[in-house]
Each structure stands twice: as structure tokens, then as C-alpha cells.
**Student:** 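The structure is given below, and queries will be raised subsequently.
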Amino acid sequence: MNLLLHPVYFPNIATCAALVQHTVTWEVMDNYQKQTYRNRCYICTDQGKQLLTIPIKHVGGDQGRQQYRNVCLDNCYPWQRQHWRTMQTAYRTSPFFEYYEDDLAPLFETPFRHLLDFNLKTIETICRCLQTEMPVSKTTVFEKLPSSLLDARNLVNAKIPARETFSEYVQVFGDRHGFMANASVLDLLFNEGPLAIQYLDKTDLKLLHG
């Protein structure tokens, strides 16, 4: 089944499960919207779930909305360094952080201009860590109601709770906060390592059941 998904910042587990289980086409022709996972992800820290947000350059005035592929990162603020330090602090004691550290570090050392390009690079890196194929198909036009793809673009909305039930796995701070479900796939990867791909493949996606 071919799914239509948004490229997001280090996708959550539901989105990555969809990516692993199905053929994916990336939506790259839509307008940028706030309050989505396009520029944010959740990791698990000693304080609980923590939101990491990428600053972007907002366009206003006569230009109005801008297309997702044209959204530029606001690199005046050292957000890459901050995000990487936060991840290091949160996961340095996890079983597999050091195993994947060298794969992920370059993402936070190289400046990017566009949010979409950066997000696709983070997903490509995750796919490499999971040893699964990176989808390369992209939309060429925007369709509000896709005619040939299963529309899974709602997964980008950070305000909509996931419908899936996620099996528990051991998390670094699980003894303090209990199991924190559907965080960024980074959490699963750092805690489960090579077993992460099996977890994603077994996740029951409610979006396929109406």
C-alpha cells in the first residue's frame, strides 16, 4: 500500500512504523502549517517528554503562506548545537546511543538552509540506522484528496493524539515517568538498537482501519 506522508523532524514512532511497513510518497507540495511535527519532535528526558523545536523564518505581509519546500531555517540561533546537547544529556546512558552517535552527529554540525531538506536528511539517517530503504518518491502537485495514495498526512498534526497502542519498551527514565509513548523514533533507536525495526514492523497502525 502506498502512503502519502509529510517529511518531519525525526519522525515519531507512528510515522516511522508507517514508513517501515509500507511504500511511501513524500508530500512536498503543500503549504507550511504551524503546530505540526514539520519542525518539532519529542524526546524523553529526566524531566519527562521534552519538545525540540527548529526555529524557522516566518513569511508574512503580502506573501502570506509559504510552501513547505520554501521554508528556511533560522540559523541565527544555534539550535543545532542545543538540540544535539539535549539529546546527548538525555540519552548518553541509553544502551545504544554511542552505537548511533557518529551517524547522527553530522546532522547537527552541517548548516542547512531549508527545513524540508533537513527533515529528509534526518529521515535518511534514521533509515540507514534502521537498515531500511529510504523512500525517494515525492509529490509533484498538491492534491487535497489524493486519488491514488492512502492519505496519512494527518500524522503530521502535533495536536492530534495517536490512535495506536504502543507496546512498552525500557526507557532511560521510565522508572521516574513511566512509559512515554510515541516519542521520536530516536528514543526507540537509542533504547532498542537493532530491535527497533522489529518493533516498528509490529506496530498496529490504526490509520489503515478507517
**Student:** Can you find a heavy atom in the side chain of I43 that is under 4.5 Å from one in the side chain of M87?
**Tutor:** yes

**Student:** Using a 3.5 Å distance criterion without hydrogens, assess whether the side chain of H177 forms a donor-acceptor pair with backbone atoms of G48.
**Tutor:** yes

**Student:** Tell me, with the steps shown, if T125 and L107 meet side chain to side chain contact (heavy atoms under 4.5 Å, CB included).
**Tutor:** CA-CA 9 Å; T125 302; L107 293 169; 3.8 Å; yes

**Student:** How long is the gap from CG on L120 to CZ on R69, to the nearest 0.5 Å?
**Tutor:** 13.0 Å

**Student:** Under a 4.5 Å cut-off applied to non-hydrogen side-chain atoms, are I126 and L189 in contact?
**Tutor:** yes

**Student:** Where does the angle between the aromatic ring planes of F108 and F118 fall among parallel (under 30°), tilted (30 to 60°) and perpendicular (over 60°)?
**Tutor:** perpendicular

**Student:** Would a hydrophobic clustering, with Ile, Leu, Val, Met, Phe, Trp and Tyr connected at side-chain separations under 4.5 Å, put W79 with F112?
**Tutor:** yes

**Student:** Test T89 against T45 for side chain to side chain contact (heavy atoms under 4.5 Å, CB included), laying out the working first.
**Tutor:** CA-CA 8 Å; T89 300; T45 74; over 6 Å; no

**Student:** Would a 4.5 Å heavy-atom cut-off, applied to side chains only, mark M29 and T139 as touching?
**Tutor:** yes

**Student:** I'd like to check the side chain to side chain contact (heavy atoms under 4.5 Å, CB included) partners of E124; sequence neighbours left out, ordered by chain and number.
**Tutor:** K121, R128, M134

**Student:** Hey, quick one: are Y9 and L188 part of the same hydrophobic cluster, counting side-chain heavy atoms closer than 4.5 Å, chains of contacts allowed?
**Tutor:** yes

**Student:** If you group Ile, Leu, Val, Met, Phe, Trp and Tyr by side-chain heavy-atom gaps below 4.5 Å, do V136 and L19 land in one group?
**Tutor:** no

**Student:** Listing request: all side-chain hydrogen bond (donor to acceptor under 3.5 Å, both in side chains) pairs with a residue in residues 109-119, at least two apart in sequence or in separate chains.
**Tutor:** Y68-N119

**Student:** Is there a side-chain contact between V28 and H6 in this structure, where contact means two heavy atoms from C-beta onward sitting under 4.5 Å apart?
**Tutor:** no

**Student:** Look up atom CD1 in I54 and atom NE2 in H83, then write down how far apart they are to the nearest 0.5 Å.
**Tutor:** 6.5 Å

**Student:** With sequence neighbours excluded, what pairs up with R38 under the salt bridge (charged side-chain N to carboxylate O under 4.0 Å, His left out) test?
**Tutor:** D30

**Student:** Using side chain to side chain contact (heavy atoms under 4.5 Å, CB included) as the criterion, list what pairs up with F96, not counting sequence neighbours.
**Tutor:** Y99, Y100, P194

**Student:** How far apart are the closest heavy atoms of K159 and P161, and which atoms are they?
**Tutor:** O-CD, 3.4 Å

**Student:** For the residue pair N39 and T53, confirm or rule out a side-chain donor-acceptor distance under 3.5 Å.
**Tutor:** no

**Student:** Aromatic contact between F97 and W84, with the criterion being ring centroids under 6.0 Å apart: yes or no?
**Tutor:** yes

**Student:** According to side-chain hydrogen bond (donor to acceptor under 3.5 Å, both in side chains), who are the partners of T15, at least two apart in sequence or on a separate chain?
**Tutor:** N12

**Student:** So, taking the atom named NE2 in H22 and the one named CG in L150, what distance separates them when rounded to the nearest 0.5 Å?
**Tutor:** 8.0 Å

**Student:** Suppose the criterion is ring-ring contact (aromatic ring centres under 6.0 Å, His included): which pairs have a residue in residues 23-46, not counting sequence neighbours?
**Tutor:** none

**Student:** Please tell me if the side chains of T36 and V8 come closer than 4.5 Å, counting only heavy atoms from C-beta onward.
**Tutor:** no

**Student:** Does the side chain of P7 reach to within under 4.5 Å of the side chain of L116, using non-hydrogen atoms?
**Tutor:** yes

**Student:** Among all residues two or more places apart in sequence or in another chain, which pass the side-chain hydrogen bond (donor to acceptor under 3.5 Å, both in side chains) test with Y77?
**Tutor:** Q82

**Student:** Could you see if V24 belongs to whatever hydrophobic cluster contains F10? Use Ile, Leu, Val, Met, Phe, Trp, Tyr and a side-chain cutoff under 4.5 Å.
**Tutor:** yes

**Student:** Output every pair passing salt bridge (Lys or Arg N to Asp or Glu O under 4.0 Å) with a member in residues 72-93, not counting sequence neighbours, ordered by first then second residue.
**Tutor:** none

**Student:** CD/Q50 to OG/S184 distance, rounded to the nearest 0.5 angstrom?
**Tutor:** 12.5 Å

**Student:** Run the side chain to side chain contact (heavy atoms under 4.5 Å, CB included) test against K144 and tell me which residues pass, sequence neighbours left out.
**Tutor:** F142

**Student:** Which residues pass the side chain to side chain contact (heavy atoms under 4.5 Å, CB included) test with F166, not counting sequence neighbours?
**Tutor:** I13, A14, A162, E164, F179, A181, N182, Y199, T203

**Student:** Check this for me: E98, atom CD, are more than 12 non-hydrogen atoms of other residues, nucleotides or ligands nearer than 6.0 Å?
**Tutor:** no

**Student:** Looking only at heavy atoms, which two atoms of Q66 and K57 are closest? And how far apart?
**Tutor:** NE2-O, 3.3 Å

**Student:** Hey, could you give me the CG/CG distance between L155 and L3, rounded to the nearest 0.5 Å?
**Tutor:** 8.5 Å

**Student:** Could you give the distance from OG1 (T25) to CG (L5), rounded to the nearest 0.5 Å?
**Tutor:** 9.0 Å

**Student:** Could you verify whether a donor N or O on one side chain and an acceptor N or O on the other, from N191 and Y91, lie under 3.5 Å apart?
**Tutor:** no

**Student:** Do you know which two heavy atoms are closest between C44 and A90, and how far apart they sit?
**Tutor:** O-CB, 3.6 Å

**Student:** Would one find more than 12 heavy atoms of other residues, nucleotides or ligands at under 6.0 Å from atom CD of E133?
**Tutor:** no

**Student:** Side chains of Q35 and N157: donor-acceptor distance under 3.5 Å anywhere?
**Tutor:** no

**Student:** Under 4.5 Å side-chain heavy-atom separation, chaining through any Ile, Leu, Val, Met, Phe, Trp or Tyr, what else clusters with L4? Say none if it is isolated.
**Tutor:** L149

**Student:** I'd like to know if the side chain of Q171 reaches the main chain of D187, judged simply by a donor and an acceptor atom lying under 3.5 Å from each other, with no hydrogens or angles considered.
**Tutor:** no

**Student:** Can you name the salt bridge (charged side-chain N to carboxylate O under 4.0 Å, His left out) partners of R176, sequence neighbours left out?
**Tutor:** none

**Student:** Do T122 and L104 touch side chain to side chain, with heavy atoms closer than 4.5 Å?
**Tutor:** no

**Student:** May I ask you to test the L200-V185 pair for a side-chain heavy-atom distance under 4.5 Å?
**Tutor:** yes

